[in-house]
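What follows is a single structure, written as structure tokens, with notes after it.
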Amino acid sequence: MADKDFHYELSDRELAGRIWARLRPYRRRIGWALTLLVFAVPFVNFHPLVWGFVADALVDQTLTSDVLVMWLSIMLASYLIGIAAGAVQSYLLEKTGQAFVRDIRAELFSKFQEQSLAYHRNCRTGELVTRITSDVDAMEQSVLQGLTALMEEFVTFIVVAGMVLWISPVVGAASIIPLAFAFIFIRKYNRRVKSLYAGVRKKLGNIGSFVQDRLAGILVTQSFGRRKHETEEFRENADQFYDSSVKASRLRNTYFPIVSVFGFINNLIMLGLGAWLIMNDSSLFSLGALLAYRGFWWRLQSPIRTIAQTSDILQRARAAATRIMELLDEPISIKNKPGARSLENVNGAIDFNEVSFSYLQGKPILKQVSFSIKAGEFVAVAGGSGSGKSTLLNLIPRFYDVDSGSVTIDDAQIKMVTLDSLRKKIGYVGQDHYLFDGTIWENLIYGDPAATKDAVFSAAKKANAHDFILSLQKGYETQVGQNGVKLSGGQRQRLSLARAFLATPRILLLDEPTASVEPESEFLIHDAVLTRSRESGGTTVLVTHRIDLLRQAPRILFFDQGKLAADGAHHDLVESCSAYAEAYLRWEVEEANQISVLR
């Protein structure tokens with residue numbers, strides 16, 4: 001992706017093989033479509049021969065009404081047959097194309113879902129969206145529309161070339177020779193434009209990523225009055241895309257006219273040599289043949305222009321296809337190990353044994369951390385910023401893998417159990433409390449789609465969310481908007497808690513659940529967390545620096561610079577750990593200042 005230092009590339013053969021593997025389920029449909037295409041081309045291009053036969057019969061004065069009607073009937077019938085076959089062929093290929101797009105997008109989305117948090121945090125969301133939409137569309141255009149047009153024009157060229165050679169080998173051969181030079185220019189163009197279109201697709205991805213990022217942060221942009229700056233930065237991205245596109249356009253409009261000139265030379269040879277033979281009463285050519293050639297000329301030149309244009313489309317789409325295959329080839333860092341078993345009947349005991357972890361090599365976040373949490377225990381995790389508290393929580397559901405040491409749940413190493421069975425036993429509520437665009441009800445049952453109405457209401461009540469939900473005009477059917485923008489921060493957080501409670505996890509992980517919420521919601525969330533820990537019997541691990549939660553927590557794990565500095569109840573740590581006592585005093589002052597500001 002954007003942060004990689006290496007350049008991903010596939011040869012034409014490799015790329016074609018990867019695409020064909022995804023088209024293989026539709027090979028019979030494709031085979032029928034191509035058969036109909038080959039069948040249709042001679043019928044659609046038969047009518048110039050009729051013009052030639054009729055013209056020669058007129059010159060020889062042998063044409064009768066019956067013969068004319070016969071030729072006209074043959075011409076109409078052949079054209080209708082060709083058009084009908086072409087329509088069926090087009091429908092089959094379009095149907096295949098839509099199925100191909102559907103399958104690729106589903107495969108990409110599935111790959112996105114499997115990737116680790118580290119992958120998504122290192123990738124730009126806007127670029128991923130561009131690849132699954134714009135790049136897939138461009139790829140579909142090349143695979144079916146572009147290649148079909150290419151094959152149709154190739155078959156047309158072969159059929160028409162055969163007809164003109166059959167009419168007159170001399171004039172036919174002379175008129176086809178210039179077209180060979182046109183193909184040489186097309187090959188040179190393809191080699192030069194390949195890298196240009198790769199750059200165009202990359203810069204289009206940059207635009208998508210920029211727009212997605214800035215729209216998500218529109219509040220920050222407007223609050224700092226940075227609209228003009230962001231507009232200028234977008235213009236820079238758009239200018240880069242423009243420059244790359246213009247370079248490709250300049251190359252295209254340099255080569256294509258040359259290709260057209262060779263096609264027109266073919267026209268001059270047909271007319272010039274054909275007329276010269278007729279003027280000299282040669283038996284090698286006739287007026288009817290010249291008239292037929294006039295009908296065939298554009299069918300000989302058209303494939304050359306179409307092949308050149310289609311080659312251009314193919315090069316654009318090749319760049320898009322390469323970007324798609326790059327995503328599909330991206331390794332999945334967090335996945336089920338061979339022989340992983342399902343985690344069943346969890347009690348909730350958690351053990352860290354000499355665990356070390358770093359996001360960047362050489363910069364450890366956790367350093368040889370060891371501790372045990374009993375099943376059903378309520379444990380608070382505290383520490384300064386960057387001490388590894390949130391990282392600790394992320395390791396338990398295997399959002400990240402440890403660098404060394406081990407994490408176990410009920411004596412089962414989490415690396416040796418399946419991800420789905422592990423995460424279904426764990427409820428996680430982070431600081432961002434993300435809600436999907438939809439209703440409150442849809443968000444609550446996300447972790448348990450089969451939940452009953454009573455179960456949903458019970459979970460909402462435990463999270464102190466039921467009353468505010470009922471106060472809304474549409475209650476549980478209220479639309480929350482993307483990421484719950486129609487609700488307050490406290491309301492979103494209480495819904496996140498209710499969603500986790502509904503899943504009835506044996507282990508509940510809470511990462512600063514009251515960060516950035518109003519005081520009323522903070523009190524209700526604290527009450528919900530403490531009540532759940534008393535009543536559910538499940539294990540609760542809470543990252544917090546709120547003084548009332550720390551005072552009530554039976555046990556606190558205090559981290560300092562990535563190490564477990566102290567372990568015990570609040571009153572014990574205040575006396576035995578000076579670092580904790582200093583941190584607690586600082587948090588107490590910060591909370592007092594916040595309360596005074598609010599008042």
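All figures in this text were calculated on a predicted structure; none of them were measured in a lab. Values reported hereafter were calculated over all heavy atoms of this structure, with side chains retained and with hydrogens, waters and symmetry mates removed.
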When you look at CD of E233, are more than 12 heavy atoms from neighbouring residues, nucleotides or ligands closer to it than 6.0 Å?
-> yes
For the residue pair Y584 and H570, does the interplanar ring angle fall in the parallel (under 30°), tilted (30 to 60°) or perpendicular (over 60°) class?
-> tilted
Salt-bridge test for K335 and D401: reply yes if a basic N is under 4.0 Å from a carboxylate O, no otherwise.
-> no
Any donor-acceptor N/O pair, D410 side chain to N347 backbone, under 3.5 Å = yes
For F468 against A465, the heavy-atom pair lying closest together = CD2-O, 3.2 Å
With side chains defined as the heavy atoms from C-beta onward, is the minimum distance between I469 and R494 less than 4.5 Å?
-> no
Does atom CD of Q552 have more than 12 heavy-atom neighbours from other groups under 6.0 Å away?
-> yes
Under 3.5 Å, side chain of T539 to main-chain N/O of G348, donor-acceptor pair present?
-> yes
Picking from V543, L573, D567, what satisfies side-chain contact (heavy atoms from CB on, under 4.5 Å) with L557?
-> D567
According to the interplanar angle, ranging from 0 to 90°, do the rings of W441 and F457 count as parallel (below 30°), tilted (30 to 60°) or perpendicular (above 60°)?
-> perpendicular
Tightest non-hydrogen contact, residues A380 and A553, listed as CB-CB, 3.7 Å
Heavy-atom distance under 4.5 Å between the side chains of Y119 and I334, does that happen here?
-> no
Side-chain touch V574/H571, heavy atoms, less than 4.5 angstrom = no
How long is the span from the CG atom in N353 to the CD atom in Q413, to the nearest 0.5 Å?
-> 8.5 Å
Taking atom types as modelled, find out whether D403 and S356 have a side-chain donor-acceptor pair closer than 3.5 angstrom.
-> no
Indicate yes or no for a side-chain donor-acceptor contact from S496 to the backbone of R492 under 3.5 Å, with no hydrogens or angles considered.
-> yes
Side chain proximity check, M325 to I19, heavy atoms < 4.5 angstrom = yes
Which heavy atom in S387 sits nearest to a heavy atom in G384, and how many Å separate them?
-> OG-O, 2.7 Å
Are L542 and V381 close enough, and set up right, to give a side-chain contact (heavy atoms from CB on, under 4.5 Å), and what steps lead you there?
-> CA-CA 6 Å; L542 166 70; V381 180; over 6 Å; no
To the nearest 0.5 Å, atom CG of L395 lies from atom CZ of F399 at 10.5 Å
Kindly indicate whether the side chain of R131, heavy atoms from C-beta on, has any atom under 4.5 Å from the side chain of F112.
-> no
Under the salt bridge (charged side-chain N to carboxylate O under 4.0 Å, His left out) rule, what do R546 and E512 come out as? Steps first, then yes or no, please.
-> CA-CA 9 Å; R546 295 300 187 184; E512 297 281 13; 5.7 Å; no
G475 versus I440, closest heavy-atom pair with distance | O-CD1, 3.8 Å
Counting only N and O atoms by type, is there a donor-acceptor contact under 3.5 Å from the side chain of K111 to the main-chain atoms of E330?
-> yes
Any chance the side chains of S372 and D351 put a donor and an acceptor closer than 3.5 Å?
-> yes
How about K424: does its NZ atom have over 12 heavy atoms from other parts shown lying under 6.0 Å from it?
-> no
If you round to the nearest 0.5 Å, how far is OG of S390 from CG of L509?
-> 11.0 Å
Closest non-hydrogen atom pair between A498 and A463, with its separation | N-CB, 3.5 Å
Check the pair R323 / L327 against side-chain contact (heavy atoms from CB on, under 4.5 Å), numbers first and verdict last.
-> CA-CA 7 Å; R323 283 160 53 84; L327 292 183; over 6 Å; no
Could you go step by step and tell me if L435 and L487 meet the side-chain contact (heavy atoms from CB on, under 4.5 Å) rule?
-> CA-CA 10 Å; L435 297 179; L487 304 174; 4.1 Å; yes
Polar side-chain atom of R555 near backbone of F378 as donor-acceptor pair, under 3.5 Å | no
Between S116 and S333, do the side chains contain an N or O donor and an N or O acceptor separated by less than 3.5 Å?
-> yes
Hey, what's the ring geometry for H466 with Y476, parallel, tilted or perpendicular (30° and 60° as the breaks)?
-> tilted
Mind checking whether N394 and L392 have side chains closer than 4.5 Å, heavy atoms only?
-> no
Would you call the rings of F371 and F352 parallel, tilted or perpendicular if under 30° counts as parallel and over 60° as perpendicular?
-> parallel
Looking only at heavy atoms, the pair that brings R105 and I132 closest together is NE-O, 2.6 Å
Mark yes when over 12 heavy atoms from residues, nucleotides or ligands other than Y446 sit less than 6.0 Å from its OH; otherwise mark no.
-> no
Can you tell me if CZ on F109 sees more than 12 non-hydrogen neighbours from other groups inside 6.0 Å?
-> no
Under 3.5 Å: donor-acceptor pair, side chain of Q240, backbone of N237 | no
Could you go through the side-chain contact (heavy atoms from CB on, under 4.5 Å) check for E326 and T322 one step at a time?
-> CA-CA 6 Å; E326 179 183 11; T322 300; 5.7 Å; no
Considering only heavy atoms from C-beta outward, does the side chain of R499 approach that of L495 to under 4.5 Å?
-> no
Atom CD1 of I324 and atom CD1 of I104: how far apart are they, to the nearest 0.5 Å?
-> 6.0 Å
Hey, could you give me the CD1/CD distance between I332 and Q113, rounded to the nearest 0.5 Å?
-> 11.5 Å
Just by modelled atom types, is the L472 backbone N or O under 3.5 Å from a matching donor or acceptor in the T478 side chain?
-> no
With no hydrogens and no angle check, is any side-chain donor or acceptor of N122 less than 3.5 Å from a backbone partner on A118?
-> yes
Going by heavy atoms in the side chains, are D511 and V429 under 4.5 Å from each other?
-> no
Backbone N/O of R398 and side chain of K415: donor-acceptor pair under 3.5 Å | no
Reported OG1-to-NZ distance for the pair T418 and K337, which is rounded to 0.5 angstrom = 14.0 Å
Counting distance only, does the side-chain N/O of N443 pair as donor-acceptor with the main-chain N or O of F436 below 3.5 Å?
-> yes
